[in-house]
Amino acid sequence: MATQRVVIDPITRIEGHLRIELETDGGRITNAWASATQFRGIETILQGRDPRDAWALAQRICGVCTGVHAIASIRAVEDALKYPVPRSAELIRNLVNGMGMVQDHVMHFYHLHALDWVDVKSALAADPQATARLASAVSPWPNNSATWFREVQERVAKSVSGGQLGIFAGGYWGHPAYRLPPEANLLAVAHYLEALKWQREIIRLHAIFGGKNPHPNFLVGGMACAINLDNQITLNAVRLDELKGLISQARRFVDEVYYPDVLAIAGFYKDYAAIGVSSPTLMATGESGSSSAGAPQGGEIKAGVLLDGNYSSLQPFDPMQISEFVSSSWYTYPEGDKTGRQPWKGETVPRYTGPRPPYQLLSDRDKYTWVKAPRYDGRAVQVGPNARVMVALAQGHAETVRLANEALGKLGAGTSALNSTLGRTLCRALESVLVARRMEEWFGGLQQQIKSGDCATFNPDKWEPKTWPRSAQGVGFMEAARGTLSHWVEIEKGRISRYQCVVPSTWNSSGRDPDGQMGPYEHALAAGGRHPLLDPQRPLEVLRTVHSFDPCLSCAVHLFDPAGGAIGEVKVS
C-alpha cells in the first residue's frame with residue numbers, strides 16, 4: 001500500500017485548536033506532526049502590569065483547568081518577593097486545586113475520552129438487567145439499577161430514532177476498533193450522564209473558597225476568603241460541613257464509578273498498553289496540590305525526572321535545565337532558531353510564516369505550529385498524570401505503589417505500560433483516587449488550624465510595592481491536571497518586565513526541536529511505525545492516543561456553527 005497523507009483538523013473533544021497531520025503505510029502511522037493553529041499572546045499582555053494582578057489575567061489562559069494558572073502565577077510572584085503564606089491559605093489552595101484536578105480527570109474520561117472506547121449506538125442492544133448485574137459485580141454504586149439503565153437506553157433510543165444524537169453526534173459508531181459488549185457500553189453511557197451532574201455539584205467547593213467557578217478568586221499572599229465561624233458571610237461552621245460533604249461526594253464517585261469503569265473498559269483494550277508509547281523521559285514537580293513557590297519542595301511525593309526510559313532510577317529536578325526552542329513554531333529569537341532560551345530569558349515574539357487558511361499542509365515546512373518546544377537538558381519530555389504516578393513509583397510512595405500494582409496486576413502489565421495510550425488513561429483514574437483521599441487529609445488539617453485559633457488566610461506584610469526589591473524574579477511550579485505547569489516572572493520597579501508560561505500541553509504538544517526530536521504527541525503516534533490506523537477516513541485510533549494526553553491548547557476559544565455546518569474534516573491523499 002502506498003504512503004497516505006492524513007489531516008485531522010480540528011481534533012475535537014479537546015480544549016483549543018489542534019491539527020494532526022500523518023503519514024501512514026499499510027495500516028500503520030509512520031510520521032506525525034502536531035500543529036496548534038491559534039495564537040493568543042497572554043504573556044505579552046502581562047508585561048508592564050502590577051504583579052499582584054497577574055493571576056487574574058493568567059488564569060484566563062484556560063477555562064477548563066480552572067484556577068491552576070492563577071495559583072502558578074501567584075506562586076511565581078510570591079517566590080520573587082519571598083512572600084510567606086499562612087498555612088490555612090496553603091491548605092485552601094491545595095483543596096481548590098485538588099477538587100479541580102479530580103473534576104477535570106472525571107470530565108476528561110467521560111466527556112472527552114470515553115467515546116473513543118465506548119460505542120453509544122451499541123448500548124441500544126444491551127439488556128438492562130444484564131447491565132445491572134455487570135455493574136453490581138464491580139461496584140456498590142446505588143444508581144446501578146436495571147431501571148436506571150433502561151431509562152438511559154430509552155433516552156438514547158429516542159435521540160437515535162429522531163436523527164438528533166445531540167452530545168453523541170459525530171462519533172464513529174460501528175467502527176471495528178470498538179470492542180465493548182453492549183452491556184458495558186450502556187453502563188458507560190449511563191455513567192457519562194451521571195458525571196455531568198456530579199461534576200457540577202462537587203465544584204461548588206471552588207465557589208465557597210473562591211466565590212465562583214470557573215476562575216475562582218485568589219490573592220497574592222494568601223486566599224481571598226476569611227475564616228470566622230460566627231459570621232454568616234465568611235467561611236463558617238455551616239460552610240465547613242458543606243465542604244466536608246462535597247469532598248466525600250467526590251471521593252465516592254471516584255471510588256465507586258470512575259475508577260471501576262476505567263479498569264473494566266481497560267480490560268477489553270489491553271493491547272493499548274503497548275500502543276501510543278511516547279517520549280521516554282518523564283517529569284513531575286511534586287505532589288499534586290502541594291503548594292510551594294520556587295524550586296518544588298515538600299509534600300509526600302518529591303519532584304524528579306525519569307531519564308531515557310529508566311523508570312526505576314529517579315534523577316533530581318533542576319529548573320535551570322528547562323529551555324524553550326522555536327525551531328518549529330511561529331516565533332522568533334534574536335539569535336535565531338537553533339538556540340533555546342531558559343524561561344526567565346524567554347520571549348514571545350510571533351512571526352507567522354505559514355500559508356493562509358484553509359491549509360493544505362503545514363508539515364511541508366520547518367515551522368508548523370504556535371507551540372514552542374520546551375526541552376529538559378536537551379530532551380523532549382512527557383508530563384502528566386502518568387509522569388506523576390511513575391515518579392511516585394520510583395520513589396516508592398507506598399499508596400501509589402499499592403494502587404498501581406493492583407491495577408497493573410489486573411491488566412497483566414508492568415510499570416512501563418504506564419507510558420502508553422492506556423497507561424495515561426489509567427493513571428488519571430489512579431491519581432483521582434489518591435487525590436480524593438488526600439483532600440480529606442488537607443481538609444482535616446484546615447479544621448485543626450481553625451481549632452487551634454490560627455485562622456489567618458492572608459499575610460499583609462509584603463503587600464505594598466514599597467517593601468519589594470527594585471528587581472526580582474520568581475517561578476511558580478505546580479502539577480495541573482494535564483501535567484507540570486510553571487509561570488516565570490521578572491519584576492522591575494514594581495512592574496512585570498518579563499513573563500513566561502510553560503504549560504503541560506506546551507511540553508506534550510510541542511513540535512520538533514533543532515535536533516529533530518518529536519514532541520510527545522508526535523512521538524506517541526509515529527515512533528517505531530507501530531501505531532494502528534485501520535480506516536484513515538475514521539481515525540478512531542488516533543483520537544484515542546491524542547485524547548489520552550487530554551490536550552488543552554486554548555480553552556477560551558471554541559468552534560461553533562449555528563447553522564449546523566461542518567467545522568472540520570479528515571483529509572486523505
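Fair warning: this is a prediction, and the values are worked out from it, not measured in the lab.
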What residues form a side-chain hydrogen bond (donor to acceptor under 3.5 Å, both in side chains) with R239, not counting sequence neighbours?
E242
Cut-off 3.5 Å, side chains only: do Q342 and S323 have a donor facing an acceptor?
no
Ring-face cation contact, F325 with K372, 6.0 Å cut, 45° max
no
List for me each residue that meets salt bridge (charged side-chain N to carboxylate O under 4.0 Å, His left out) alongside R87, sequence neighbours excluded, and say none if there are none.
none
For residues 468-476, which side-chain N or O atoms pair as donor and acceptor with protein atoms under 3.5 Å away, sequence neighbours left out?
{"unit_1": "W468", "atom_1": "NE1", "unit_2": "K462", "atom_2": "O", "d": "2.8"}
{"unit_1": "W468", "atom_1": "NE1", "unit_2": "E464", "atom_2": "O", "d": "3.3"}

Once the angle between the rings of Y331 and W370 is folded into 0 to 90°, is it parallel (under 30°), tilted (30 to 60°) or perpendicular (over 60°)?
perpendicular
Would you say T369 and S329 are linked by a side-chain donor-acceptor pair, where the criterion is simply a distance under 3.5 Å?
no
Give me the atom names and distance for the closest heavy-atom approach of A80 to V489.
CB-CG1, 4.4 Å
Are Q500 and H487 close enough that a side-chain donor and a side-chain acceptor fall under 3.5 Å?
no
If you look only at pairs with a residue in residues 487-509, which of them pass as a salt bridge (Lys or Arg N to Asp or Glu O under 4.0 Å), with sequence neighbours excluded?
E490-R498
Could you tell me if S497 and Q47 have a donor-acceptor pair between their side chains, going purely by distance under 3.5 Å?
no
Does either side chain, that of S486 or that of W488, offer a donor lying less than 3.5 Å from an acceptor on the other one?
yes
Heavy atoms of R428 and H105 approach each other most closely as O-CD2, 3.4 Å
Between R93 and I71, which heavy-atom pair has the shortest distance, and what is it?
O-CD1, 4.1 Å
List the residues meeting salt bridge (charged side-chain N to carboxylate O under 4.0 Å, His left out) with R424, not counting sequence neighbours, and say none if there are none.
none
Can you list every pair that meets salt bridge (Lys or Arg N to Asp or Glu O under 4.0 Å) and has a residue in residues 304-318, with sequence neighbours left out?
D308-R379
Looking just at side-chain N and O atoms, do Q382 and N386 make a donor-acceptor pair shorter than 3.5 Å?
yes
